[in-house]
Structures are given as C-alpha cells and as structure tokens.
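Below is one structure, written out as structure tokens, with a few remarks after it.
These values consider heavy atoms only, across backbone and side chains, with no hydrogens, waters or symmetry-generated copies. Read the numbers this way: they start at 1 and go in the same order the structure lists the ligands and their atoms.
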Amino acid sequence: MPESISQLTAIWNRSLKRIKDKLGDDHIYDTFFGGSYIDSVQGDTLLIAVNSSLGATVLTASYTELVQSCVQEETSTNYKVEFVNQGSLKAAPLEKEEKKPTFFAEARLDPKYTFSNFVVGDSNREAFQAALMISHNPGGTYNPLLVHSQSGLGKTHLLQAIGNEIKARRPMAKVLYISASDFVDEYIRFATGAKQDQSLSQYFKNDVDVLLIDDIQYLIGRSKTMEMFFIVFQALYTQGKQIVITSDQDPSRLEGIDERLKTRFSSGLVLPIQKPDLKTSEAILRMKIEANGLSAKDFDEDVIEFLASRFSSSVRDLEGSLNRLLFYTINLEPTQHITMDVTKKAIASLISAQESVGKLTEDKIIATVADYYSLTPAQITGKIRTSRIAMARHIAMFLSRSLLDTPFTKIGNSFGGKDHATVMNAVSKVEKSLKDDESLKQAIDDLKQRLKAK
Ligand code: ADP
Ligand code: MG
C-alpha cells in the first residue's frame with residue numbers, strides 16, 4: 001500500500017496521464033483535474049482533492065468509473081475513489097496543530113515577462129523552444145532544463161515566461177520562481193536544525209509543482225544551503241516535478257557547485273543563450289519601441305542599426321540605451337522624428353561610460369551591484385528592506401566608501417537620501433561580516449573584478 005506522499009503523488013501523476021488520454025478533452029481535463037492530488041488513503045478508498053466543490057460534484061457524478069479504472073491500471077489494485085474539494089479540506093482542523101512557517105512569502109511571478117514579448121532569433125531559439133515545450137508539458141521530457149548565458153541576455157525573462165504560461169494554462173499549478181539567493185536567504189532565516197530542514201523540504205514536496213530557480217551560481221560558497229538544495233532538487237525530481245534552472249555558466253564550468261548537482265543538471269537539457277546577432281538586436285529594439293507606444297517609423301533606420309550594433313552584448317544595455325534616448329527626446333529635446341544626430345547626443349554619456357575604462361563612479365557601483373544580484377539600481381537605492389535587497393545595498397555602500405572614499409553623507413544622498421548613520425552602520429556591518437563570511441568575501445572580490453573591467 002502506498003504510504004509516502006511522494007508515492008501517492010507519483011501514482012496520481014501517472015493516473016492523470018491515463019485520465020487525460022481517456023478523456024481526450026484537454027479543456028475538461030485542465031478545468032477539473034488541474035491542481036488535483038491524492039489527499040489520503042482511507043481503507044480501500046483514495047481521497048482525491050480537487051480544485052472546487054462543483055468539480056467534486058461533477059467528477060463524482062460523471063467520472064468516478066473512468067478515474068477508478070485508470071488508477072486500477074496504474075496500481076493493479078481496486079481502489080475506490082472519492083472526490084473532495086480542497087477548500088473544505090483546508091478548512092478542517094489540522095490533525096496536529098503545528099504552525100507551519102510560510103516559506104517564500106514574497107516570491108511572485110512578474111507578469112511583464114511573457115513568451116509573446118520575447119524576440120526569438122538564432123541566439124536564443126533553442127532555449128525559447130525548450131521553455132515553450134516545458135510550459136505546455138511541465139515535468140515531461142525536458143527535466144531539468146538549465147539555461148545559461150552572460151548577464152542581460154534574457155534568462156530571467158524566459159524563466160518567468162515559463163511560470164506565467166504555466167499559470168495561464170493551469171491556474172491551480174503551484175509555480176515557485178525564486179533566485180538562488182532568495183533560497184539562501186530563506187534557508188538561513190528558517191533552517192536552524194533538522195526539524196526545520198524537514199519542514200522546508202516538506203514545503204517543496206507539497207506546495208511546489210514547478211520550481212524555477214534563477215542564477216544558481218549564488219549557491220556557490222554556501223555548502224549547507226547547497227546540501228539542502230540538493231535534497232529539495234531530488235525530492236522534486238523524483239516526484240516528476242518540473243525544475244528549470246538558470247546560471248551564468250555552462251554547468252560543467254560552475255566551479256564550486258556540488259558535483260552531484262552538476263551531474264543532475266547535465267542529465268537534463270542544457271542550453272545556452274548567445275549574444276544576439278544584429279538582426280535579432282534590431283528586432284528586439286523594434287519591439288521595445290512599439291512597447292513604448294511608439295513606431296519604429298519614427299526612427300531613422302540607421303539609428304536602429306547603430307543602437308543594435310553598439311549595445312549588442314547585452315539586451316539589458318540595449319533596452320537601457322533606448323530608454324535613455326526616449327527620455328532625452330521627450331524631456332530634453334522634444335522631437336517627432338529621431339535622427340542619428342539626436343541619438344548620438346542622447347547616448348553620448350552612455351557611450352563615454354562604456355569607454356571610460358577605470359573611471360569609477362557611485363552610479364557604476366550601484367549598477368554593477370544591482371546586476372550582480374539580479375536587482376535594479378532603483379531597488380538598491382530604494383527603501384525596500386528584504387534581506388537580499390538590503391544586503392546588496394549595504395555592499396554597494398561599502399564599495400562606494402572603500403573604493404571611492406566618498407563621505408557617508410554623500411553616499412546617503414546617492415542612495416535615495418539615507419542619513420549619515422544609516423550608511424555608516426551599513427558599511428561597518430559589511431566590514432564586520434567580511435571577517436568570517438567567506439561567501440561575502442567572494443562576492444566582494446567578484447564585484448571588484450567586475451568594476452575593474454568597466
Ligand atoms: P538575464 O537574466 O539573462 O540577466 P534578463 O532576462 O533580465 O537577462 O533580460 C534583461 C532585459 O532584456 C529584460 O528586460 C528582458 O525583458 C530583455 N530581453 C532579453 N532578451 C530578450 C528578448 N529576446 N526579447 C525581448 N526582450 C529581451
Ligand atoms: Mg537574470
């Protein structure tokens with residue numbers, strides 16, 4: 001008799017495949033079976049939790065036999081099935097009244113990242129295709145999928161698009177998008193013993209159907225967290241749940257990631273995103289222009305080509321150059337038609353920033369730290385104090401102080417008007433942690449390297 005949750009989940013997943021085939025109607029299947037699971041086994045009856053009370057009624061009246069026969073084929077046992085509404089199960093008092101911590105309460109998908117606003121070209125076609133396939137059939141053939149590229153080439157966009165598409169197709173699916181650094185934060189926050197470890201892995205088993213984990217390289221140097229991640233990974237993987245990972249390197253080159261994880265990653269599908277070719281960069285620009293409510297016709301053709309070739313090493317920079325140009329032509333030199341002249345003026349400072357090797361500024365530090373932690377500069381200088389943002393902010397302040405020797409008050413001004421004491425505390429906190437936090441040391445070294453390369 002199946003006992004563990006993972007056994008029940010596996011049985012149900014396989015039965016669902018049969019049910020789906022027999023039904024032959026994806027719409028009915030998604031509507032009524034979406035988010036269903038085996039709640040428990042009671043004698044010879046499987047209690048199937050479904051997504052609404054209407055669903056429970058309809059399934060009981062019309063599909064009991066079909067479901068029983070599929071389960072029978074899967075388990076060779078004559079289970080009866082009963083359908084109950086998940087809502088009513090949750091309302092019932094828990095057997096053991098134990099407070100479960102809420103994990104990843106802040107994790108959200110960002111609806112702005114979709115497949116329809118992702119421009120496909122030779123540089124990203126395969127990654128796009130795999131992402132699309134996965135969102136139509138999570139947990140299917142491509143598991144896990146790992147997409148890797150340099151920064152700014154669309155990994156986060158694709159990862160989020162997978163999540164948004166799955167949610168659109170199956171609203172009940174439990175999709176978790178987090179960056180590996182969120183995972184580190186959460187682990188540090190909750191897991192201080194075996195019991196907490198267990199409740200974190202229970203959370204993944206029960207409350208996550210699809211795990212989208214961004215920038216896996218943040219696990220490097222975090223051996224305990226990595227161990228936990230391995231457990232989570234295994235649990236999800238053996239339950240047939242979809243896992244998608246991004247990283248800044250091919251997994252074989254991810255120095256410092258557990259070999260067992262690397263093996264697991266490599267056993268799935270590993271795809272790179274390359275820098276876009278000129279044609280793709282131009283197509284991206286045109287799309288971003290339209291997305292801003294303008295028309296590519298308002299731009300001289302050579303402007304588009306100029307920007308596309310100049311900023312092709314990162315789509316993020318390409319977008320940045322367009323935003324700069326739009327800001328300039330709306331606020332500083334209003335014009336109907338955007339010519340090469342105006343463009344050069346508008347982005348002169350961006351280009352000189354690209355070219356001014358060695359000239360470090362606070363803005364560059366903020367931008368580099370933001371990029372390193374997958375945040376925006378506005379988050380770094382803003383007020384939100386989630387641990388990842390606050391840590392990145394403190395590091396940026398520390399770097400401004402130690403590399404530029406900027407007075408605390410001035411740093412405070414550059415960081416959205418924070419006061420002298422706040423900055424001083426942040427800097428001394430980082431200084432203190434540096435003494436015994438290897439991974440922080442590593443991060444600061446990496447950041448210094450990156451800033452040198454600017
Ligand atoms: P990464 O995660 O690889 O650093 P992001 O996914 O954050 O990169 O992409 C940076 C920016 O570029 C985002 O605003 C994203 O929407 C945009 N972008 C990247 N690739 C494409 C693409 N192929 N089509 C449209 N926008 C893209
Ligand atoms: Mg990213």
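For the Mg ion (ligand 2), the nearby protein N/O/S atoms, meaning those under 2.8 Å, are Thr156 OG1.
Protein heavy atom nearest atom 4 (O) of ligand 1, with residue, atom name and distance: Gly152 N, 2.6 Å. For atom 16 (O) of ligand 1, the closest non-hydrogen atom of the protein is His157 ND1, 2.7 Å. Among all protein heavy atoms, the one lying closest to atom 11 (C) of ligand 1 is Glu319 OE1, 3.2 Å.
Under a cutoff of 6.0 Å and an axis angle of 45°, Lys241 and Phe204 do not form a cation-pi pair. With a 6.0 Å cutoff to the six-membered ring centre and a 45° limit on the axis angle, Lys174 counts as a cation-pi contact of Tyr37.
Shown in contact with Lys155 at under 4.0 Å from a heavy atom are these atoms of ligand 1, numbered in order with element: 1 (P), 2 (O), 3 (O), 4 (O), 6 (O), 8 (O). Residue Ser151 has at least one heavy-atom neighbour below 4.0 Å for each of these atoms of ligand 1: 4 (O). Under a 4.0 Å criterion applied to the non-hydrogen atoms of Asn124, ligand 1 contributes the atoms 23 (N). For ligand 1, the atoms lying closer than 4.0 Å to a non-hydrogen atom of Val315 are 12 (O), 17 (C), 18 (N), 19 (C), 20 (N), 21 (C), 27 (C).
Checking side-chain atoms of Glu362 against main-chain N and O of Ser400 turns up no donor-acceptor pair under 3.5 Å. When atom types are taken as modelled, the side chain of Glu186 and the backbone of Phe104 share a donor-acceptor pair closer than 3.5 angstrom.
Considering both main-chain and side-chain atoms, Phe118 never comes within under 3.5 Å of ligand 1 through any nitrogen or oxygen pair. Among the atoms of Tyr113, none of the N or O lies under 3.5 angstrom from an N or O of ligand 1.
Ile380 CD1 to His394 NE2: the interatomic distance, rounded to the nearest 0.5 Å, is 10.5 Å. Between Met226 atom CE and Ser223 atom OG the span is 6.5 Å, to the nearest 0.5 Å.
In this comparison of His148, Arg316, Gln150, the heavy atom closest to atom 10 (C) of ligand 1 sits on Arg316. Comparing heavy-atom distances from atom 26 (N) of ligand 1 across Lys288, Gln160, Met287, Lys112 singles out Lys288 as nearest. When Gly154, Ser123, Ser314 are ranked by how near their heavy atoms come to atom 8 (O) of ligand 1, first place goes to Gly154.
Between Ile347 and Leu307, the closest side-chain pair of non-hydrogen atoms falls below 4.5 Å. Looking at heavy atoms from C-beta onward, Asn143 lies in side-chain contact with Ile243 at the 4.5 angstrom threshold.
For the ligand labelled ligand 1, residue Phe128 lies outside the 4.0 Å heavy-atom shell.
With sequence neighbours excluded, the residues that form a ring-ring contact (aromatic ring centres under 6.0 Å, His included) with Phe115 are Phe128.
Heavy-atom neighbours of Phe230 CZ from other residues, nucleotides or ligands within 6.0 Å: above the threshold of 12. Under a cut-off of 6.0 angstrom, the local environment of CD in Gln198 is sparse, with at most 12 non-hydrogen atoms contributed by other residues, nucleotides or ligands.
No side-chain donor-acceptor contact under 3.5 Å links Asn425 and Thr422.
A salt bridge links Asp182 with Arg388; the closest basic N to acidic carboxylate O contact falls under 4.0 Å.
Contact annotation: for Val119 versus ligand 1, heavy atoms closer than 4.0 Å belong to both the backbone and the side chain. By the criterion of a heavy-atom distance under 4.0 Å, the backbone of Asn117, and not its side chain, is placed next to ligand 1.
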